[in-house]
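The structure under discussion appears below in the form of structure tokens.
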Amino acid sequence: MFHYDYKTYDTCSQLISLDIDGDKVRNVSFTGGCNGNLKAIPILVEGMTVEQIEEKLSGVLCGRRPTSCADQLTKAVRAAYEAAHQQV
């Protein structure tokens, strides 16, 4: 299992922490942001693959921002996956 911290861009949350186990995402947590949504997202994506999360959440926007916490999660899981595979 590989732990990864991702600094978010243009969202209320500041950081996404997660673990990558192969291509499965585990233990997602957000620092900052909308409390309810950011409690729900980790529950919903637990055990999903990087590709599944990207397929479901990529491009989701928040208001007038060009991104959202969900969209930033897709970037975080991809970055974590790539970082984990560079370690091998």
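- Using modelled atom types, one side-chain atom of D71 and one backbone atom of G59 make a donor-acceptor pair closer than 3.5 Å.
- What you find for I20 and A84 is that their closest heavy atoms are CG2-CB, 4.3 Å.
- In terms of the salt bridge (Lys or Arg N to Asp or Glu O under 4.0 Å) criterion, residue partners of R78 (sequence neighbours excluded) are, by chain and number, E51, E54.
- Applying the side-chain hydrogen bond (donor to acceptor under 3.5 Å, both in side chains) test to T49 and every residue at least two apart in sequence or in another chain returns Q52.
- When all heavy atoms of G33 and L38 are compared, the closest pair comes out as CA-CD1, 3.5 Å.
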Point to revise | Chi angles and distances behind the side-chain contact (heavy atoms from CB on, under 4.5 Å) call for R65, C12 | key: CA-CA 11 Å; R65 294 175 188 221; C12 296; 3.8 Å; yes
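- Atom NZ of K75 sits about 5.0 Å away from atom OG1 of T67, to the nearest 0.5 Å.
- The minimum heavy-atom distance linking S68 with V60 is given by the pair OG-O, 2.7 Å.
- Applying the side chain to side chain donor-acceptor pair (under 3.5 Å) definition to pairs two or more places apart or across chains, those involving residues 4-16 are H3-D5, D5-S17, T8-T11, T11-S13.
- Here ring-ring contact (aromatic ring centres under 6.0 Å, His included) pairs that include residues 41-81, with residues two or more places apart or in two chains, are Y81-H85.
- Residue pairs that meet the side chain to side chain donor-acceptor pair (under 3.5 Å) test with at least one member in residues 28-48, sequence neighbours left out, do not exist here.
- Between the CG atom in N27 and the CG atom in D19 there is a gap of 4.5 Å [rounded to 0.5 Å].
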Exercise for review: Could you give me the CA-CA distance, side-chain angles and deciding distance for V45 and L57, then say whether side-chain contact (heavy atoms from CB on, under 4.5 Å) is met?
Suggested key: CA-CA 10 Å; V45 302; L57 300 177; 4.1 Å; yes
